[in-house]
*Asks:* 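Pasting a structure here, questions to come.
Quick caveat: nothing in here was measured; it's all calculated off a predicted structure. All chains are named by letter (A, B, ...) in the order of the sequence lines, taking the proteins before the strands, and each is independently numbered beginning at 1.
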There are 2 protein chains.
Amino acid sequence: MSIKQQRRGTGSATISDVARLAGFSPMTVSRVINGGGNVKESTRDAINAAIKELNYSPNPAARSLAGVEPIRIGLLYSNPSAAYLSEVLVGSLDRASRIDVQLVVARCEPPENYREAAEHLLERGVHGLILTSPLCDLQEVVDVVTEGDQPVVALAGGKPSDDLITINVDDFEAAHAMTKHLIGLGHRRIGFIIGSPIQAASGRRLEGYRAALAEAGIPADEKLIEQGHFTYRSGLAAADKLMDLAVPPTAVFASNDDMAAAVVAVAHRRGLDVPNDLTVCGFDDTAFASSIWPELTTIRQPIAEMARTAVDMLTDEILAHRAGKSLPREHRIAAFELIKRQSDAPPKNSR
Amino acid sequence: MSIKQQRRGTGSATISDVARLAGFSPMTVSRVINGGGNVKESTRDAINAAIKELNYSPNPAARSLAGVEPIRIGLLYSNPSAAYLSEVLVGSLDRASRIDVQLVVARCEPPENYREAAEHLLERGVHGLILTSPLCDLQEVVDVVTEGDQPVVALAGGKPSDDLITINVDDFEAAHAMTKHLIGLGHRRIGFIIGSPIQAASGRRLEGYRAALAEAGIPADEKLIEQGHFTYRSGLAAADKLMDLAVPPTAVFASNDDMAAAVVAVAHRRGLDVPNDLTVCGFDDTAFASSIWPELTTIRQPIAEMARTAVDMLTDEILAHRAGKSLPREHRIAAFELIKRQSDAPPKNSR
DNA sequence: TTTGTAAAAGTTAGCGCTAACATGCACGCA
DNA sequence: TGCGTGCATGTTAGCGCTAACTTTTACAAA
């Protein structure tokens, strides 16, 4: 007796296996998978059960060969805050390749060419877009990309709205937690450097800071709050002003790492030791945070994870759209993490 | 008369179109494409001509469906010098997706888990590996990944050898050019901070520096040369030593941007203006270079382009390997660029 | 000339999936 | 009873490619 050798095949389950197990034809299975209509509820359930049992997932090559247009997602970035970008890329690529979605990455530098870059992507036929920070906070950019009817995800930024799916950490809670951490160390005069006013997160971070102070019963001192623009240079200026105060802060919480690094630079220039004379902490956990010395205590956003989520959500939207349905725009909140490094310590006088 | 509507199909040429045009069967075309043997020279030429004329390229989905194992390339990185990483990713992904090669990205942090990470990739069935800096300079890592018979490309680092394909800028020429630039500005006492001794590029950069000085007839002063480790912290120490010299340098050329940033920090701490009191320049053009102030004059390696090349070379190797042939290990040199920003100026006394 | 043999080419079938069409069936209405 | 109507499912064929097998051709040895 000869066992017929399978000539090819990956060994994993096929749509026919599922069909056989469920007792229907492959076509019906296909309909269930692709959200097609006209399938009885009980049939759908039986097929889904079979899919689960066989741990089946459709072969993307066969699918695309059979004429289904593969899902393409555009990723628009600018301002290579490089650590951020690489996390975005690693996360989104990882997920995209796993679920066989094409990712088209494009750089754009507002205000010059954002329109062009966006149109370029749309021409390439993308079915959805991911907008990374700080693009999501530029209203013109958002307007351009939401003109069409492709779904758009704003990653770490952007105002939740009906046009935009957003994925963010809770900036308020994160800033609140960091401020509370500083208060816990014994600090009472805590300087704050606000981020760029055009980014929505800046305001939320400021409020988190204020709220933590208020909760601890520490009176707000507006002189301790300086405006910055998320740049190193703006951090230098803000830090100088803070350190020139009659009673300077014992800790400075900057709204991002670039500005925090600038605070460290200013402190050093003035002969202050970080963290013993001045505690400094940042936000974002970019490469900066761990490449300067001392390394910064900061807030980490799970960017890679958020990027993965972005790809998933877009894909769901696109599939729903293809099936003629429509999903409500979701607004996800991801969990942040307070990364404690070497730039924070109790204030001097409290020891 | 009814024109039969094509139900599906992408519209682009298929292997049958090529076969028809060339006057052979699709199978023979397939053989030509896949480097199979037993095709007459004249046939091969005719088919290649037809391929060119129709601008044909095989449909990857159909190919993979027909059972050809898709090419998978592993990319190993560590030490997220993030700008570098993002360039590597953008470049390699761009090319990989265009030629339909799968890229499997993995992080590894020697000395803990490099073996594990490498083995993990190999288990995932990658057919070739890209090793990014600084991994390519760790002999243990290189040993592990070259154990098998997959081809390995060292990107921006590594010693050219029979085991390793390398892609580098000419570190000697680049350091030479930068030093010459400084001499051209009028500097005569130029400090140099050497990179990590374990990376081969460090030595080549030092030699470039020495050669440029020698050419200009400037006597070498060993006190102006300090050892560093490519880290910010090592840059701080080296800069302090240089600035403590009886006759300190008027310019410092650090072997990477992190150390150059540290030199700027030390200068500021000592009340020196950059570039008016001290010229500082770096190497690599990482994010650091343009996020601190003043922005660094530095050497840019075309990392994205080099990454693209890496993917191409590996793919060629893998295809050659599959066809039973073997290509010699190549060692490519890419063109660097001297990026002039705001951290260099003529020395004070020369004005 | 016949035959053997290897090189060069062609044929067949099938990878897994889905579009288009076909069918079956229940239900309501004339 | 017959007949449309619409839902639920099945059948057929083909997407583009290549593995495995078969056939043809070229050419040398018998």
Side-chain angles (χ1 to χ4, degrees), chain A residues 2 4-47 50-51 54-71 100 319 322-324, chain B residues 2 4-48 50-51 54-71 100 319 322-323:
Chain A
S2 87
K4 184 96 171 281
Q5 268 280 37
Q6 199 75 9
R7 188 163 56 95
R8 294 180 259 184
T10 54
S12 57
T14 74
I15 200 170
S16 303
D17 298 331
V18 174
R20 210 170 306 122
L21 179 62
F24 292 92
S25 75
M27 195 57 230
T28 305
V29 177
S30 172
R31 272 191 271 260
V32 169
I33 292 167
N34 296 294
N38 296 356
V39 181
K40 238 201 302 191
E41 198 55 35
S42 62
T43 308
R44 189 181 297 276
D45 291 345
I47 288 176
I51 288 175
L54 294 176
N55 194 15
Y56 165 79
S57 81
N59 177 326
R63 235 183 191 179
S64 107
L65 192 54
V68 183
E69 204 189 356
I71 295 183
D100 209 73
L319 287 178
R322 281 192 187 172
Chain B
S2 88
K4 183 97 171 280
Q5 269 279 38
Q6 199 74 13
R7 188 163 55 95
R8 295 180 260 186
T10 54
S12 57
T14 74
I15 200 170
S16 303
D17 297 331
V18 174
R20 211 170 306 122
L21 180 62
F24 293 92
S25 77
M27 195 57 231
T28 305
V29 177
S30 172
R31 272 191 272 260
V32 169
I33 292 168
N34 297 295
N38 295 357
V39 181
K40 235 199 304 190
E41 198 56 34
S42 63
T43 308
R44 188 181 298 276
D45 290 345
I47 288 177
N48 277 327
I51 288 175
L54 294 176
N55 194 17
Y56 165 78
S57 81
N59 177 326
R63 232 182 194 177
S64 108
L65 192 53
V68 185
E69 204 188 359
I71 294 183
D100 209 72
L319 287 177
R322 280 192 188 172

*Asks:* Please tell me which of the listed nucleotides, C:dC17, D:dC17, C:dG16, lies nearest to the side chain of B:N59?
*Replies:* D:dC17
*Asks:* Should A:D17 and A:Y56 count as side-chain neighbours, where that means a heavy-atom distance under 4.5 Å?
*Replies:* no
*Asks:* Any side-chain N or O of A:T14 below 4.0 angstrom from OP1/OP2 of C:dG16?
*Replies:*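 Negative; the distance criterion is not met.
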*Asks:* Tell me, which pairs form a salt bridge (Lys or Arg N to Asp or Glu O under 4.0 Å) where one or both residues lie in residues 57-71 of chain A, sequence neighbours left out?
*Replies:* A:E69-A:R72
*Asks:* Which residue, A:I47, A:V18, A:N38, forms the side chain to side chain contact (heavy atoms under 4.5 Å, CB included) with A:T28?
*Replies:* A:I47
*Asks:* Do B:I15 and B:I33 come close enough that some side-chain heavy atom pair is under 4.5 Å?
*Replies:* yes
*Asks:* Before you tell me yes or no, could you show the steps for A:L319 and A:I71 under side-chain contact (heavy atoms from CB on, under 4.5 Å), namely the whole-Å CA-CA distance, both residues' side-chain angles and the distance that decides it to 0.1 Å?
*Replies:* CA-CA 9 Å; A:L319 287 178; A:I71 295 183; 3.8 Å; yes
*Asks:* Please report the distance, rounded to the nearest Å, between CZ in B:R20 and P in D:dC17.
*Replies:*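 For the pair B:R20 CZ and D:dC17 P, the rounded distance is 12 Å.
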*Asks:* Rounded to whole angstrom units, what separation is found between the CD1 atom of B:I33 and the P atom of D:dG16?
*Replies:* 14 Å
*Asks:* Taking the side chain as C-beta and beyond, is there a heavy-atom pair between B:V68 and B:N34 under 4.5 Å?
*Replies:* no
*Asks:* How close or far is atom C1' of D:dC17 from atom CG of A:L65, stated in whole angstroms?
*Replies:* 8 Å
*Asks:* When you check the phosphate oxygens OP1 and OP2 of D:dT18, does a side-chain N or O of B:R63 lie under 4.0 Å from one of them?
*Replies:* yes
*Asks:* Identify the pairs formed between an N or O of the protein and an N or O of nucleotides 4-10 of chain C at a distance under 3.5 Å, and give each distance.
*Replies:*
unit_1	atom_1	unit_2	atom_2	d
C:dA9	OP1	B:T43	OG1	2.4
C:dA9	OP2	B:K40	N	3.0
C:dA9	OP2	B:T43	OG1	3.4
C:dA9	N7	B:R31	NH2	3.2
C:dG10	OP1	B:S25	N	3.4
C:dG10	OP2	B:S25	N	2.4
C:dG10	OP2	B:S25	OG	2.7
C:dG10	OP2	B:T28	OG1	2.9
C:dG10	N7	B:R31	NH2	2.9

